[in-house]
K.L.:
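My questions will all concern the structure given below.
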Amino acid sequence: MTNTDLMTLAPGLPLLAAVVTALFGRKLGKQAHWPALVCVGLSFLCSVGLLRDAYTAAITEHPAAAREAAKTGEIAGLGFEKVHTLYRWVGIENALGSSDFAIDVTLRLDPLTAIMLSMVTFISTLVVLYSIGYMHGDPGYARFFATVSLFVFSMTMLVSVSNFILLYVFWEAVGACSYLLIGFWFQKPEAAAAGKKAFLVNRVGDFGFAIALFLIWTSYGTLNFHDTKSTVDAAAASRDPRTIVHGFDPRTPASERDSASQERNLHAVHEAQFVGLNSADRITRGVLGTSRLSENLFIGGAAGTAICLLLMLGACGKSAQFPLHVWLPDAMEGPTPVSALIHAATMVTAGVYMVARCMPLFMASADARLVVSTIGAVTALLAGLIALTQTDLKRVLAYSTVSQLGYMFLALGTGSLAGAFAGMFHLFTHAFFKACLFLGAGSVMHAMGGVIDMRRFGGLRKIMPVTHWTFLAGCLALAGFPFLSGFWSKDAILASVHAAGEREQWFHYLYYAALGTAFLTAFYTFRAFFMTFYGEERVPDEAGHDAHESPSAMTVPLVILGILALVVGGIAEHPFLEFLRLTPSLANAAIVPAAGAGEMHWDIAAVSSVVALAGIGIAAFMYLGERNEADALAKATGRVGLFQLSRDKFYLDEIYALLVVWPLRIAAAVIYWLDRYLVDGVVNLVGRIPPAVGALVRPLQNGLVQFYALAMLLGVLTLVGVAYWVQS
């Protein structure tokens, strides 16, 4: 198959599975998982084919000189991309015979897309396989696999499209699917409430994202990522008033432009977006197209900062960053495979992907980048502190996801190639060990009869040996244990932030916040591990007397993910960097080259390793054995309110209820009263007038001839009386 075939099939196959399962799921019964398993698995194979072809084209076939230039960032626009348009969705033609506003359903292949597609479809395939055992016997079996397939389709399209409008469409589709999956067991009030909470909180971020799209359109004159070519009337093009913009002629060679005209162009870059206006072929610069990247024509100032901050607001909603992180822990009410899918590779990574994709836009605003890093550091530290005291195993992992996503944003905000690589590499490694941990938690929950409170079970390592060892692998990788996956990507993040601190003082503080988060991560991860698998063997009554290891459909994905959690970081680091840096957006000259990206930073690695080992050691000291130390520390911190503050999630839900929920409820009650009694009252009053008038005249139509004669006589006498009165 050609690249274009694979680009179409990678998202198309999960959509096919969703349609088939939705139409024939009831007839398939217990076999309703097959369309999802086969199609998502084939989608993964297509993604691997795209990854292979993209890697070959970008690395093997790319000229050596271009690769060297791309490594240092000295020459922009050297990245590899391939764009394939399926069809035109919307097009509005102008006087030149081309489209001023057009939305093409266009798929792109570049290193960033290839990596994301492969990761998403691989994790999704394992989650679908795991779900066969986990969801066995559920009355919504077919509905679950249909929705999961639709979710995978939406996510694969999100990372494949080459247009901001389509990015927003599938951004919303992912949100809609998450609502359906989080509230899958809608009979439970908690699940229904969690689904609504996720949907509504994301509306806040998505509103910001939508405003950002309007600003991008007005600023750049297009919503495509890539450059587009159209045929126009050359004579009309030469008369196009947009040819000259504030004294800037886009047809003038770059070497002949003076600095003043360049500056004027930056303020009107959306109008000077055309190349080759004197020819029949006109190229429209895409927002992230190679022609714009090569000249670094990106808007800064207030407009550029507003675009970036609004995009970041959308990312905060989708990727659960402070202050819009409150929906993600409640998303645990959905089935555990959903938690693994959302937290590991799909929905919550969308915000990180979007910021990485739009890195050139963020490079035009230092303030926006600083906001991105600060939000990431605050979120990472806050979520780590909350995870310390949670007793629900899945919630510990949920807050861990929030914290690790904060790490990724912290790296992306540095504005360097090293930071972009570190953030995306951590997203890549995190997908494997966090999927392993969530599926491991689901295995525990499955064996414990649905109980997930760590205070009610313990010592499960002998009952569930496969789950125990794979969960340990995930915990070691998450904690950053030396030379495992999390160690490599976390070291890259810390190194990029430390390097940024040499340019900006504020990043020094963020670096220490990241180190503190690394300690918290190791501590709360192994606290959960020791509470679950060590100590006295305890099984809740809900599990009965047959607590056992999960079936092979669940343990096989665990073993695969556990092995990858241990080794994928060390194996993939250098190929990952070499490939990722050839993404057009990351080959932009404005991005700080940061020599040393991808290299080992032994001094920083030594510090982070000591911090991680210290967290693991203290957790072992406190939670192995009688746990006297843990209880004593809880009492000591409880006296000053720290324990309760962490346990109650810093009362952020209560603050939102006080500042947002209750004012809106009061406003809704007032509006309801006005609508019910004032507006409806006036409308109902108007509606009652005709029946009232009819009731007054109804007695005149009584059917008595004598009455009609008397009425006629009285009418005549009345008319005569009136006429006489008028004449007199």
Side-chain angles (χ1 to χ4, degrees), residues 201-202 204-205 208 305 308-330 343 348-349 351-352 354-356 362 365-390 395-415 419 422-423 426-427 430 478 480 490 493-494 496-498 500-501 504-524 608 611 615 642 645-656 659-660:
V201 172
N202 272 275
V204 178
T305 300
C308 294
L309 292 180
L310 288 167
L311 289 175
M312 183 58 191
L313 180 59
C316 284
K318 202 65 71 184
S319 293
Q321 295 296 284
F322 178 84
L324 301 180
H325 67 284
V326 292
W327 68 269
L328 192 57
D330 291 346
H343 286 249
V348 296
T349 64
V352 180
M354 185 262 288
V355 173
F362 283 86
S365 174
D367 293 337
R369 294 199 310 275
L370 195 59
V371 169
V372 171
S373 282
T374 302
I375 288 176
V378 169
T379 304
L381 191 58
L382 178 69
L385 290 171
I386 294 174
L388 292 176
T389 57
Q390 301 304 304
R395 284 184 183 271
V396 172
L397 299 178
Y399 279 108
S400 172
T401 297
V402 175
S403 182
Q404 298 306 303
L405 289 167
Y407 255 118
M408 300 171 202
F409 282 106
L410 171 59
L412 290 174
T414 61
H426 195 54
L427 183 151
H430 177 265
L478 174 59
K490 198 168 292 186
I493 289 176
L494 291 172
S496 67
V497 177
H498 187 270
E504 298 180 59
Q505 180 65 30
W506 181 247
F507 280 97
H508 276 303
Y509 304 110
L510 300 185
Y511 170 74
Y512 290 116
L515 274 181
T517 303
F519 170 79
L520 296 176
T521 302
F523 179 81
Y524 68 65
S608 64
V611 168
L642 295 179
L645 197 63
S646 172
R647 183 195 61 194
D648 296 330
K649 298 164 284 187
F650 288 84
Y651 302 104
L652 288 171
D653 284 326
E654 289 77 8
I655 292 173
Y656 274 117
L659 299 180
V660 179

K.L.:
Please find the pair of heavy atoms, one from Leu410 and one from Ala377, that lie closest to each other, and give the distance.
P.N.:
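Heavy-atom minimum between the residues: CD1-CB, 4.2 Å.
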
K.L.:
Take atom OH of Tyr651 as the centre, draw a 6.0 Å sphere, and report whether it contains more than 12 heavy atoms from other residues, nucleotides or ligands.
P.N.:
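Above 12, so yes.
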
K.L.:
Any side-chain heavy-atom pair from Thr379 and Tyr407 closer than 4.5 angstrom?
P.N.:
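Contact flag for Thr379/Tyr407 side chains = no.
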
K.L.:
Got His325 and Leu405 here, is their nearest side-chain heavy-atom distance under 4.5 Å?
P.N.:
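No; the side chains remain at least 4.5 Å from each other.
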
K.L.:
What closest approach, in Å, do Ile386 and Lys649 show between heavy atoms, and which atom pair accounts for it?
P.N.:
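Closest heavy-atom pair between Ile386 and Lys649: CG2-CG, 3.6 Å.
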
K.L.:
Do you know the tightest heavy-atom contact between Leu515 and Leu494?
P.N.:
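In terms of heavy atoms, the two residues are closest at CD2-CD1, 4.0 Å.
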
K.L.:
Using a 3.5 Å cut-off and no angle test, enumerate the donor-acceptor pairs between side-chain atoms of residues 313-323 and protein atoms at least two apart in sequence or in another chain.
P.N.:
| residue | atom | partner | partner atom | Å |
| --- | --- | --- | --- | --- |
| Lys318 | NZ | Trp171 | O | 3.1 |
| Ser319 | OG | Val348 | O | 2.5 |
| Ser319 | OG | Gly351 | N | 3.1 |
| Gln321 | NE2 | Ser319 | O | 3.2 |

K.L.:
What verdict does the side chain to side chain contact (heavy atoms under 4.5 Å, CB included) test give for His343 and Leu328, after you've listed the backbone C-alpha separation in whole Å, the side-chain angles of each residue and the deciding distance to 0.1 Å?
P.N.:
CA-CA 9 Å; His343 286 249; Leu328 192 57; 3.4 Å; yes

K.L.:
Measure the acute angle between the ring planes of His430 and His426, then classify it against the limits of 30° and 60° as parallel, tilted or perpendicular.
P.N.:
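Tilted, since the angle between the ring planes falls between 30° and 60°.
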
K.L.:
For the residue pair Leu388 and Ser646, what are the closest heavy atoms and their distance?
P.N.:
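The pair with the smallest heavy-atom distance is CB-OG, 4.3 Å.
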
K.L.:
Could I get the full list of side chain to side chain contact (heavy atoms under 4.5 Å, CB included) partners for Ala422, not counting sequence neighbours?
P.N.:
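With sequence neighbours excluded, Ala422 shows a side chain to side chain contact (heavy atoms under 4.5 Å, CB included) to Ala411, Ala492, Ile493, Ser496, given in chain and number order.
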
K.L.:
Keeping Ser403 on the side-chain end and Tyr399 on the backbone end, is there a donor-acceptor pair under 3.5 Å?
P.N.:
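Not a single qualifying donor-acceptor pair exists.
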
K.L.:
Looking at side-chain heavy atoms only, is the closest gap between Asp330 and Arg395 below 4.5 Å?
P.N.:
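In contact.
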
K.L.:
Is the backbone N or O of Leu478 less than 3.5 Å from a side-chain atom of Lys490, with the two atoms forming a donor-acceptor pair by type?
P.N.:
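Yes, Lys490 side chain to Leu478 backbone: donor-acceptor pair under 3.5 Å.
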
K.L.:
Can you check whether Phe507 reaches Leu370 side chain to side chain, under 4.5 Å on heavy atoms?
P.N.:
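Of all side-chain heavy-atom pairs linking Leu370 with Phe507, at least one is under 4.5 Å.
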
K.L.:
What are the two closest heavy atoms between Leu510 and Ser373, and how far apart are they?
P.N.:
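Minimum heavy-atom contact is CD1-CB, 3.8 Å.
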
K.L.:
Could you measure the distance from the CG atom of Leu412 to the CE atom of Met354? Nearest 0.5 Å is fine.
P.N.:
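So the gap between those two atoms works out to 11.0 Å.
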
K.L.:
Any side-chain heavy atom of Ile375 within less than 4.5 Å of one from Phe409?
P.N.:
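Answer no - side chains too far apart.
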
K.L.:
Tell me, please, which residues at least two apart from Tyr509 pass ring-ring contact (aromatic ring centres under 6.0 Å, His included).
P.N.:
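ring-ring contact (aromatic ring centres under 6.0 Å, His included) list for Tyr509, sorted by chain: Trp506.
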
K.L.:
Are Thr401 and Gln404 packed together at the side-chain level, in the sense that at least one heavy-atom pair is separated by less than 4.5 angstrom?
P.N.:
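In short, these two side chains do not touch, never coming nearer than 4.5 Å.
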
K.L.:
Which distance, rounded to the nearest 0.5 Å, do you find between the CZ of Arg369 and the OG1 of Thr374?
P.N.:
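Result: 12.0 Å between the selected atoms.
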
K.L.:
Are the side chains of Leu381 and Leu520 in contact, using a 4.5 Å heavy-atom criterion?
P.N.:
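Leu520 vs Leu381: side chains touch.
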
K.L.:
Could you pull out the closest heavy-atom pair between Ala522 and Gly615, with the gap in Å?
P.N.:
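Reported closest heavy-atom pair: CB-CA, 4.0 Å.
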
K.L.:
Any chance the side chains of Ser400 and Tyr524 put a donor and an acceptor closer than 3.5 Å?
P.N.:
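Distance-only check passes for Ser400 and Tyr524.
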
K.L.:
Between Val355 and Leu311, is there a side-chain heavy-atom distance shorter than 4.5 Å?
P.N.:
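The answer is no, as the side chains (C-beta and beyond) never meet within the 4.5 Å cut-off.
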
